[in-house]
2 protein chains.
Amino acid sequence: MTHQREVILEELKRLRTHPTADELYEIVKKRLPRISLATVYRNLEQLSAAGIIQKLDFVGRQMRYDGDISKHSHIRCVECGSVADVRINPIQGIDQAVIDACGYKVLDYHLDFLGLCPICLLKKHRDN
Amino acid sequence: MTHQREVILEELKRLRTHPTADELYEIVKKRLPRISLATVYRNLEQLSAAGIIQKLDFVGRQMRYDGDISKHSHIRCVECGSVADVRINPIQGIDQAVIDACGYKVLDYHLDFLGLCPICLLKKHRDN
DNA sequence: TCTTAATTAAGAATTTTTCTCAAGTCAAGA
DNA sequence: TCTTGACTTGAGAAAAATTCTTAATTAAGA
């Protein structure tokens with residue numbers, strides 16, 4: 001475990017914002033000013049391959065990362081792109097329903113939401 | 001409605017493969033050899049903004065497009081990236097549960113799956 | 001048929017991510 | 001402590017996906 005990897009993991013676990021690689025790079029740079037963006041990408045890739053963090057590859061074009069690997073849903077604001085956690089009970093018996101419906105074997109599922117965050121909701125109300 | 005847009009929409013509606021912009025470009029090019037990739041992107045963007053098609057921006061880094069705008073789930077093969085439809089009953093009362101959990105207003109949700117398609121499942125069995 | 005506003009093709013530019021490689025670091029054994 | 005070899009880093013180049021720019025063309029209404 002290199003120092004760089006340690007700091008990347010530490011900062012990601014501390015954040016609750018599901019940062020992009022670039023956002024995390026800017027934050028880590030405050031502690032390690034000489035770190036390179038490729039190092040951030042490389043370590044995020046390895047940490048998620050090892051199951052230590054989660055790569056959110058279903059929240060739009062850009063990857064986001066989550067230091068919390070417990071199973072939970074996300075909601076993304078369609079206005080500002082912010083992502084929040086949503087704790088919802090797992091759906092029972094869904095795997096078999098999918099195999100029956102399409103023949104694929106289910107490894108995982110994501111129940112994710114699109115919506116408006118409290119701030120953007122307020123803005124909309126003001127504008128109308 | 002330009003001829004290009006007509007052909008793009010027609011081919012997308014015909015396909016059941018949730019193509020990427022590039023895949024659709026290759027298919028449309030057989031009918032319109034001089035069409036440019038940017039035209040395909042531009043029209044897919046406009047058609048999805050108009051609600052005539054669906055942009056799948058939660059299936060990985062690359063966007064995919066679906067000519068079927070009826071509400072349904074998708075499953076993506078982790079090996080080959082193929083995407084199939086899954087018809088599952090809508091989840092009751094989920095909107096209120098989310099507002100309670102995180103304060104965001106729900107506009108839409110996606111219940112999507114990761115798994116293995118029948119072909120890759122077979123390959124895995126052969127390799128082991 | 002004109003007019004004009006929208007759309008096109010082509011390529012440049014941008015954005016996000018991955019790759020390359022020389023130099024640096026680490027861990028374990030001699 | 002020194003050496004060795006494998007792993008990792010920083011920096012920039014490259015790749016992949018998408019968007020933008022521009023002059024030319026086309027669609028659609030008057």
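The figures that follow rest on heavy atoms only: side chains count, while hydrogens, waters and symmetry mates do not.
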Between Arg64(A) and Asp57(A), is a salt bridge (charged side-chain N to carboxylate O under 4.0 Å, His left out) present by the stated rule, with each step listed? CA-CA 7 Å; Arg64(A) 289 179 173 273; Asp57(A) 69 343; over 6 Å; no
Taking dT7(C), dC19(C), dT19(D) as options, the one with an atom nearest any side-chain atom of Ala38(A) is dC19(C)
Which one, dA11(D), dT19(D), dT8(C), comes nearest to the side chain of Glu45(B)? dT19(D)
Considering only dA10(C), dT9(D), dT16(C), which nucleotide approaches the side chain of Gln62(A) most closely? dT16(C)
Looking at Phe113(B), I'd like to know if the NZ or CZ of Lys105(A) sits under 6.0 Å from its six-membered ring centre while staying within 45 degrees of the ring's axis. no
Measure the distance from CE on Met63(A) to C1' on dT18(D) and round it to the nearest whole Å. 14 Å
Whole Å only: how far is the NE2 atom of His3(A) from the P atom of dA27(C)? 13 Å
Short side-chain N/O contact from Tyr41(B) to OP1 or OP2 of dT18(D), under 4.0 Å: yes
Which of residues 19-33 of chain B have a heavy atom under 4.0 Å from DNA chain C? none
dT15(C) C1' sits how many Å from Arg61(A) CZ, rounded? 6 Å
As a test of reading the structure: which of dG10(D), dT8(C), dA17(D) is closest to the side chain of Gln4(B), going by heavy atoms? dT8(C)
Can you measure Gln46(A) atom CD to dA6(D) atom C1' for me and round it to whole angstrom units? 13 Å
Look up atom CG in Leu122(B) and atom CG in Leu116(B), then write down how far apart they are to the nearest 0.5 Å. 11.0 Å
Where the side chain of Lys55(A) is defined as all heavy atoms beyond and including C-beta, which of dT18(C), dT9(D), dT8(C) is the nearest nucleotide? dT18(C)
Rounding to an integer number of Å, can you tell me how far Met1(A) CE sits from dA27(C) P? 12 Å
Separation of atom CG in Leu37(B) from atom C1' in dT7(C), rounded to whole Å: 16 Å
Whole angstrom value for the distance that separates C1' of dT26(D) from CZ of Arg34(B): 15 Å
Is Glu45(B) salt-bridged to Arg42(B), cutoff N-O under 4.0 Å? no
